[in-house]
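Remarks on the structure that follows.
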Amino acid sequence: MSRTAFKAPGDAHANRWKALVFIALAQLMVVLDTTIVNIALPSAQQDLGISDGDRQWVVTAYALAFGGLLLFGGRVADLWGRKRAFVIGLVGFAAASALGGAATTGAAMFGARALQGAFGAVLAPAALSLLAVMFTDGKERAKAFGIFGAIAGGGSAVGFILGGVLTEYMDWRWTFFVNIPFAIAAATGAYFVVREPAGGRNRSPLDIPGVVLSTLGLVSLVYGFTRAESDGWSDTTTISLFVASAVLLLAFVFTEAKVKAPLLPLRVVTDRNRGGVYLSLGIAVIAMFGSFLFLTYYLQVVKGYSPIKSGFSFLPMVAGMMVGSTQIGTRLVTRVPARFLIGPGFLVAMAGMLLLTRLETGSSYALTVLPALVLLGLGMGTTFNPAMSLPTVGIQPRDAGVASAMINTSQQVGGAIGTALLNTIATSATTSYVKGHIADAATKPQRQLVQLQGVVHGYTNAIWFAVGLLVLATLIVLTLVNRRPGSEGVEVEVAVPVVAH
C-alpha cells in the first residue's frame, strides 16, 4: 500500500474527544504519581522501618524502571497497537499501585515502585502516540495537545496537594490506592471509546540488542545522577556508571544504524525539528525540576509551611500552565512558527526564575514567590503544546510510539539530571556560606539563622544556573527548530479503516 502525507478528515474518529478524556486521565495519574508519593515518604518510611540510606529507592526504583524502559515501551506500542499497550499499561500500573499500598516491608514497596515505573513506560508513550494518530487536523490537534500539555505540566503540583491531604487526613497507603480508580476508569473508557487508524503498527521483529543496550544505558545514566546526588561526583561508582552509560549508549547508536528494524530509527532523532525539541526540552526540564525541589523545601523548611499549605502554594503555577497551554499555545500553534512559541515560553519561565534568585529567608510569598510561579507556569505552559506536538508532526505511524517515547525520555533524564546537578550546586554553595559566616554567630538562634540563610543562598545559586540552562534551551530552539505553522499533517495510510478493539 502506498504511503502519502494526508490530513485525516475531521470525522475520521467520531469519539476522539471522548477518548481524549480517558487519555488525559491516564496522563494525570502518571504525572501525579511522580510527586504524590514524595509527600507520603516520611510517613511510609517510619511505618515500614525503611532506613535513611534506603529511602531514596522509593523514588529511584520508579525512575530507573520508567526512564530505562521508555524506548522499549514506545516500541511495544508500535508493535502491539497503541490502544492495547495503553490498556495493558493502565492495568499493570493499577496492580503495581495495589502492591505498593499493601506493602509491609521496604523491599515490597521498592518492587512495587519499579513495577509502576515499568508499566508507566508502556503507558506514557502509548497515550501520547494515540493523540498523534487520532488528532490530525491542525486546529483540533492544537486543542488536544493543549489540554494534554496542561495536565502534564500541572499534574505534579496537584500531586503535592493530593499527597498532603491523603497523608495528613487518611493514610500514606492511599497515595498508592488512589491510582486504582483512575486506572480502572481510564482503561474501561479507553477499551470502549478509543479507536486508532489501522495500518499504523510496526510489525518488524523486536530489536533485542537495541532494547538491552538502550535500557542498560539509560538505567546507568539515571542511576549515575542519583548516586552523584547522594555520594558525590567523584565517587568511584558514580564515575563508573557514567562511563558505562556512555559506552552502552554509543553502542546503541551504532547498532541502530546497522540493524534492519531498529528500536529507535535514527531518522526520528536526526530530524532537526524533533532533535531540537528533544534536546531543548530536556535542558529546560533540568532547570525546572531542580527549581521545583528547592521551592518545595524553601516553603516547608524555611517558611515553615505544612505539606498541604505548600502544595496549595503551587496552585498559581498550575493556573499559569493551564492558561499558557490551553489559551496561548493552543490559539497560536497553528499560526506562529513553533520556535517563536517554545523559545519565548522558555524566556518567560526564565523571568520567573530570575525572581526566585532574589529569595531570602524573610521573602514575601505574595511579592516574590507568587509572581515567579505565575511566570513559570505561563512560560512552560506555552511551550508544552508545540513541544509535545511537534515531534509527532509528519511522523510515520509505525514510528509514532518511539517518537512519543523520546519526549518522555528527554523529560525523565532531564529530571534526574536536574535533581542531582542543581542539588549538588546548592549544597556546595550552602556549605561555603555557612563556613564563612558561622564564626560571627555567637548564640544558638544566630547560628540557626546562618544555617537557614546558607540554605537559601544555596538555592539561589542553583537557580542562577537554571536561568542559564533556560537561555541555552532557548538558543537551541531558535537555531534548530524551523517548522512553520500549517504543516501539521500526519503521515497515515491512504485507506483509514478503524480497528474496533
Side-chain angles (χ1 to χ4, degrees), residues 12-34 62 65-66 69-101 112-135 144-145 147-148 151-152 155 176-203 206 211 388 392 397-405 407-408 492 496-501:
H13 181 359
N15 289 323
R16 60 195 176 280
W17 291 108
K18 292 180 183 178
L20 175 62
V21 173
F22 300 110
I23 294 171
L25 183 63
Q27 175 68 9
L28 177 62
M29 179 190 71
V30 172
V31 175
L32 281 175
D33 200 71
T34 61
Y62 180 89
F66 191 83
L69 293 172
L70 267 168
L71 286 178
F72 175 64
R75 179 65 177 86
V76 164
D78 290 334
L79 180 64
W80 292 352
R82 294 156 198 86
K83 175 178 174 177
R84 182 178 297 174
F86 183 72
V87 173
I88 289 173
L90 281 167
V91 172
F93 200 93
S97 298
L99 291 173
R113 288 290 284 164
L115 278 176
Q116 280 185 315
F119 283 106
V122 174
L123 172 60
L128 196 55
S129 58
L130 275 173
L131 290 188
V133 299
M134 288 195 305
F135 291 91
F145 273 91
I147 295 169
F148 190 85
I151 290 172
F176 285 90
F177 291 146
V178 74
N179 291 325
I180 298 173
F182 276 101
I184 291 174
T188 302
Y191 182 81
F192 289 107
V193 173
V194 170
R195 305 289 186 272
E196 60 176 307
R201 294 189 189 179
N202 185 345
R203 300 183 184 275
L206 192 60
V211 170
M388 289 191 168
T392 57
R398 60 184 177 145
D399 294 336
V402 75
S404 301
I407 301 173
N408 289 284
V492 295
V496 193
V498 170
V499 180
H501 294 301

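- To the nearest 0.5 Å, atom CG of residue Leu123 and atom CZ of residue Phe66 are 8.0 Å apart.
- Interatomic distance, Gln27 CD to Leu20 CG, rounded to the nearest 0.5 Å: 11.0 Å.
- In this structure, Arg16 and Met134 approach most closely via the heavy-atom pair CD-O, 4.0 Å.
- Of all the heavy atoms in Ala98 and Ile180, the pair that sits closest is CB-CD1, 3.8 Å.
- Taking the six-membered ring wherever Trp is involved, the centroid distance between the rings of Trp80 and Phe86 does not fall below 6.0 Å.
- Leu90 is listed as a side-chain neighbour of Met29, based on a closest heavy-atom distance under 4.5 Å.
- In this structure, the side chain of Ser129 engages the main chain of Ala126 through a donor-acceptor pair within 3.5 Å.
- Atom-to-atom distance recorded for Leu206:CG and Leu79:CG is 6.5 Å, nearest 0.5 angstrom.
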Checklist entry - Step by step, would you call Arg82 with Val194 a side-chain contact (heavy atoms from CB on, under 4.5 Å)? => result CA-CA 10 Å; Arg82 294 156 198 86; Val194 170; over 6 Å; no
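- When every heavy atom of Gly74 is checked against every heavy atom of Pro125, the shortest pair comes out as N-CG, 3.7 Å.
- Summarising the geometry of Phe119 relative to Ile88, their closest heavy-atom pair is CD2-O, 3.9 Å, with the distance given to 0.1 Å.
- Considering CD1 of Ile23 and NZ of Lys83, their distance stands at 11.0 Å, rounded to 0.5 Å.
- Across all non-hydrogen atoms, the minimal contact from Ala114 to Ala65 is O-CB, 3.2 Å.
- Not one N or O on the side chain of Asn179 forms a donor-acceptor pair closer than 3.5 Å with the backbone of Phe93.
- Classification of the Phe148-Phe145 ring pair by plane angle, with boundaries at 30° and 60°, yields perpendicular.
- Between the CG atom in Asn408 and the CG atom in Leu70 there is a gap of 5.5 Å [rounded to 0.5 Å].
- Distance check, rounded to the nearest 0.5 Å: CG of Leu32 to CZ of Phe182 gives 5.5 Å.
- Taking all atoms of both residues into account, the shortest heavy-atom contact from Ala190 to Val87 is CB-CG2, 4.3 Å.
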